[in-house]
*Asks:* 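Let me begin by handing over the structure; questions about it come next.
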Amino acid sequence: MTAATHSTLFPQVPDSADAVLEGLDPEQREVATALRGPVCVLAGAGTGKTRAITHRIAYGVRSGILQPSSVLAVTFTNRAAGEMRGRLRQLGTAGVQARTFHSAALRQLQYFWPKAIGGSMPRLVDRKIQLVADAAAACRIRLDRGELRDVTGEIEWSKVTQTVPADYPLAAVKAGREVPRDPAEISQLYSAYEDLKRDRAVIDFEDVLLLTVAVLQDRHDIAEQVRSQYQHFVVDEYQDVSPLQQRLLDLWLGDRDNLCVVGDASQTIYSFTGATPDHLLDFRARHPGATVVKLVRDYRSTPQVVHLANGLLAQARGRAADHRLELVSQRAAGPEPVYCEYPDEPAEAEGAARRIRELIDSGVPASEIAVLFRTNSQSETYEQALADAGVAYQLRGAERFFDRPEVRKAGVALRGAARFGANDSLLDDAVDLPSEVRAVLSGEGWTTSPPAGSGAVRERWESLAALVHLAQDFAAAKPGATLSDLVAELDERANAQHAPTVQGVTLASLHSAKGLEWDVVFLVGVAEGMMPITYAKTDEQIEEERRLLYVGVTRARERLHVSWALARSPGGRASRRPSRFLDGLRPGSTAAAGRTGALGTGGVERGFPSRPGAVPRRTQRRPARCRVCGRTLTDAGELKLMRCEDCPTDMDEGLYERLREWRAVMAQRSGQPAFCVFTDKTLMAIAEAAPDEEGELARIPGVGVRKLNRYGADVLALCAGQEPAEQDEGD
């Protein structure tokens, strides 16, 4: 359930620009009124980021500063874009484009295709997995269903990171990806997949972005036409931007800086798709004049839930953790999180279902309860347990509400009743709008009591019941509204994909729960091997798993239940233990080593003016810049080289090869991997600098005091064209 549906469904439209600002806290008001230049909003979970940016757009439009048609707001899901359109409509702001990156790009590509390329645009394939299967058959490579899905994911990752088939093996290794097949095989499959698309004259989802980028890069006249249309950009969930999406955003912007981005590095959970928080974390470096607003007042969760969320991040490591925000709950105290251990997974599911049944019986709406798990394969156990307990549920990720057949049929019936209701005997006894809707939908299968059990029949009833509840809310908010008014409201909601709430417990993966919230959340399967997942090996992967659990915790408004099972099946060996992420947080556990570092507190940081001739403020630490092109450097490898990866190099190739051969000998002698001696990037930096004395060598990133003492003489000898002195085996 979203914050939009939890709030008043049909609020009064503000009667002035100043009225749009009413009810915003000081930081949200700063966001809403900062309408010029680059703005970066660092928004913690539950701090009202969507409220802040929609009020920003509405205030700008209502005050005459922004033209509605010149604003493009982009986000990552159709649901989020629909919610944004719905909120803007409630604020009396029509004409603003709120779309996903793909939707906005597809619209532009379709419009400009005849002018840029000519002819008709290729057909867009909805699902690429069949094409991947055909590519595998062409390559005579057998893939089972799981491998098909995984290889498809690798192709998608390659495209959003702008990796061509020939470069995939090296790129996958550099990114530390867990590849499902031999990288050379995936490269072959990727190449065959691209050939098949070309032969069949089709494009895929990622091609929409790639082709739009290509058109805007190659056709300056088209790029200028797009830029003249859109003058102001807002990007939600900016921590999830991929390199390809960032490239598209740069092309939309051109040399302008009217950009507002919103995100939270601690909610970066989609790196497997190519998403990276680097663009968010580097925003101030790229836009020195940016205004940075930090939202930390949590209006969603109780202090007890917020305390657990903050505790999870307090043990985090890495760059995103260094920029974490310390949330401050604005709600009254609630119950402490409940931790439950079960002997096996079926017992855990039955325990959750039993507790959910008790909550519903005590008056908690089923729609305000969610069960969140790490993988979709865990869903079936909970579906069965809830069905056995007589609890209705809905699966997150099913087809969109207004696309459901029963909802479409109900819409046709309501539209017909609005036109010809005077002649419809069904409406003879109806006395108001809700009773009219109940009468019409009774002909479509709605009854006053839900059907027994679960399954398709129950799901259809839940959809119709959601329409009945919506009619009741609509009539309460707009006395005197007619059936025609409701039909118009439904049409607007369908266009915006602003769905009503379905009455049923939500079952969802942690990834699909992002952006949603409930009064009660059950986090299940929080055990080692599942959280973090078994295949999370590197520090970066482990930290992303921690962030995923953080997202799950921050979905809860009032009550949080955390559980795990000691065995998979009844009678199985009790070899599992609770997730390491709960160490020191759950009762009876030992605290992990804490961490210190900069915490994000609420407030505003104003950048210096970025207009020509403006004098920057002095800072203690200046951003590192490429010694060739001058671009700001943020990548660790590039920082070692002090230049961009693709900038020209004056490296001594012969020296580099001699250094590599020497490193291999050193690694063999010490019995450790070669990169523990010096990384490739450090060797490249040495070969470029060719230092002739210790001081020069010491200044190269990656050469610390210990390595200088151990390897300095050898490296300097190699740089001078000499052979290093022989060392004892024990050295």
Side-chain angles (χ1 to χ4, degrees), residues 1-7 43-50 264 266-267 269 295-314 324-340 348-349 351-360 362-374 378 382 386 391 393-394 396 501 504-526 531 545-564 578-579 581-582 585-587:
M1 186 173 185
T2 66
T5 55
H6 185 62
S7 61
T47 57
K49 68 177 178 64
T50 307
D264 178 10
S266 296
Q267 296 187 68
I269 59 173
L295 305 182
V296 298
R297 302 174 199 248
D298 188 324
Y299 298 96
R300 176 188 300 160
S301 305
T302 63
Q304 287 73 20
V305 173
V306 167
H307 178 72
L308 176 57
N310 286 336
L312 280 172
L313 292 188
R324 72 196 192 279
L325 298 168
E326 183 88 358
L327 299 178
V328 181
S329 177
Q330 305 297 299
R331 296 195 56 179
E336 291 290 339
V338 175
Y339 299 89
C340 294
E348 183 182 7
R354 184 168 55 252
R355 181 63 185 130
I356 288 169
R357 179 75 267 172
E358 293 170 355
L359 287 167
I360 293 173
S362 70
V364 178
S367 60
E368 289 295 351
I369 303 173
V371 178
L372 307 182
F373 32 75
R374 176 61 181 85
Q378 295 168 269
Y382 289 88
L386 289 173
V391 175
Y393 62 87
Q394 58 171 330
R396 184 76 199 151
T501 304
V505 172
T506 300
L507 294 177
S509 70
L510 286 164
H511 281 101
S512 65
K514 176 80 168 60
L516 303 176
E517 58 187 74
W518 297 268
D519 284 347
V520 186
V521 168
F522 287 76
L523 291 175
V524 299
V526 189
M531 179 59 66
E545 293 288 299
R546 186 194 305 276
R547 294 194 295 270
L548 190 56
L549 182 58
Y550 171 80
V551 166
V553 167
T554 55
R555 299 311 94 195
R557 295 195 195 100
E558 297 173 5
R559 297 173 184 269
L560 184 64
H561 295 252
V562 184
S563 64
W564 58 90
S579 170
F581 299 145
L582 299 178
L585 300 175
R586 62 183 176 86

*Asks:* Locate the shortest heavy-atom distance separating M531 from L549; write the atom from each residue and the value.
*Replies:* SD-CB, 3.9 Å
*Asks:* For the CG atom of L560 and the CG atom of D519, what is their distance to the nearest 0.5 Å?
*Replies:* 12.5 Å
*Asks:* I want to check something: taking the side chain as every heavy atom from C-beta on, are Q304 and P337 in contact at a cut-off of under 4.5 Å?
*Replies:*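 Yes, side chains in contact.
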*Asks:* How long is the gap from CG on N310 to OH on Y550, to the nearest 0.5 Å?
*Replies:*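 So the CG of N310 and the OH of Y550 are separated by 6.5 Å.
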*Asks:* Taking ring-ring contact (aromatic ring centres under 6.0 Å, His included) as the definition, give me every residue that meets it alongside H511, ordered by chain and number, with sequence neighbours left out.
*Replies:*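 With neighbours one apart ignored, the set is Y270, F272.
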*Asks:* Can you tell me how far apart CG (D264) and CZ (R324) are? Round to the nearest 0.5 Å.
*Replies:* 12.0 Å
*Asks:* Please check if the side chain of R374 supplies one atom and the backbone of G525 the other of a donor-acceptor pair under 3.5 Å.
*Replies:*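 No.
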*Asks:* I'd like to check the side chain to side chain contact (heavy atoms under 4.5 Å, CB included) partners of R297; sequence neighbours left out, ordered by chain and number.
*Replies:* D25, P26, E27, Y299, Q330
*Asks:* Considering all heavy atoms of both residues, which atom of S329 and which atom of V306 are nearest to each other, and what is their separation?
*Replies:* CB-CG2, 3.8 Å
*Asks:* Side-chain contact test, heavy atoms from C-beta onward, threshold under 4.5 Å: evaluate it for V551 versus L510 and give yes or no.
*Replies:* no
*Asks:* Taking the six-membered ring for Trp, are W564 and Y339 parallel (under 30°), tilted (30 to 60°) or perpendicular (over 60°)?
*Replies:* tilted
*Asks:* Could you tell me whether the side chain of Q267 reaches within less than 4.5 Å of the side chain of R547, counting heavy atoms only?
*Replies:* no
*Asks:* Please report the shortest heavy-atom distance between S367 and W518, naming the atom on each side.
*Replies:*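 Scanning both residues, the minimum pair turns out to be O-CD1, 3.3 Å.
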*Asks:* Should R355 and R559 count as side-chain neighbours, where that means a heavy-atom distance under 4.5 Å?
*Replies:* yes
*Asks:* Could you state the interatomic distance from OG1 (T302) to NE2 (H307), rounded to the nearest 0.5 Å?
*Replies:*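 T302 atom OG1 to H307 atom NE2 measures 11.5 Å (nearest 0.5 Å).
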*Asks:* Just so I know, are the side chains of Y382 and I356 near enough to count as touching, which here means a heavy-atom distance under 4.5 Å?
*Replies:*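 No, every pair of side-chain atoms sits at 4.5 Å or beyond.
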*Asks:* Okay, side chain of S301, backbone of A556: is any donor-acceptor separation there less than 3.5 Å?
*Replies:*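 Indeed, once roles are kept as given, a pair shorter than 3.5 Å links the two residues.
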*Asks:* Working to the nearest 0.5 angstrom, can you tell me the gap between H561 NE2 and I369 CD1?
*Replies:* 8.5 Å
*Asks:* Testing the basics here: between L325 and G44, what is the closest heavy-atom pair and its distance to 0.1 Å?
*Replies:*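 What the structure gives for the nearest pair is CD1-N, 3.4 Å.
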*Asks:* Would you say the side-chain atoms of R555 pair up with the backbone N or O of L516, donor to acceptor, closer than 3.5 Å?
*Replies:*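 Side chain of R555 to backbone of L516, a donor-acceptor pair under 3.5 Å: yes, one is there.
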*Asks:* So, for K514 and I269, which heavy atoms are closest and what is the spacing to 0.1 Å?
*Replies:* CD-CD1, 4.1 Å
*Asks:* Tell me the closest heavy-atom pair linking L312 and R546, and the distance in Å.
*Replies:*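 Smallest heavy-atom distance, with atoms named: O-CD, 3.3 Å.
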*Asks:* So, taking the atom named CZ in R586 and the one named SG in C340, what distance separates them when rounded to the nearest 0.5 Å?
*Replies:*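 If I round to the nearest 0.5 Å, the distance is 12.5 Å.
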*Asks:* Quick one: does any side-chain atom of S579 pair with a main-chain N or O of V526 as donor and acceptor, under 3.5 Å?
*Replies:* no
*Asks:* Given side chains that start at C-beta, do those of V305 and R331 come closer than 4.5 Å, heavy atoms only?
*Replies:*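 They are not in side-chain contact.
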*Asks:* Is any side-chain heavy atom of I360 less than 4.5 Å from a side-chain heavy atom of V505?
*Replies:*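 Yes, at least one pair of side-chain atoms sits under 4.5 Å.
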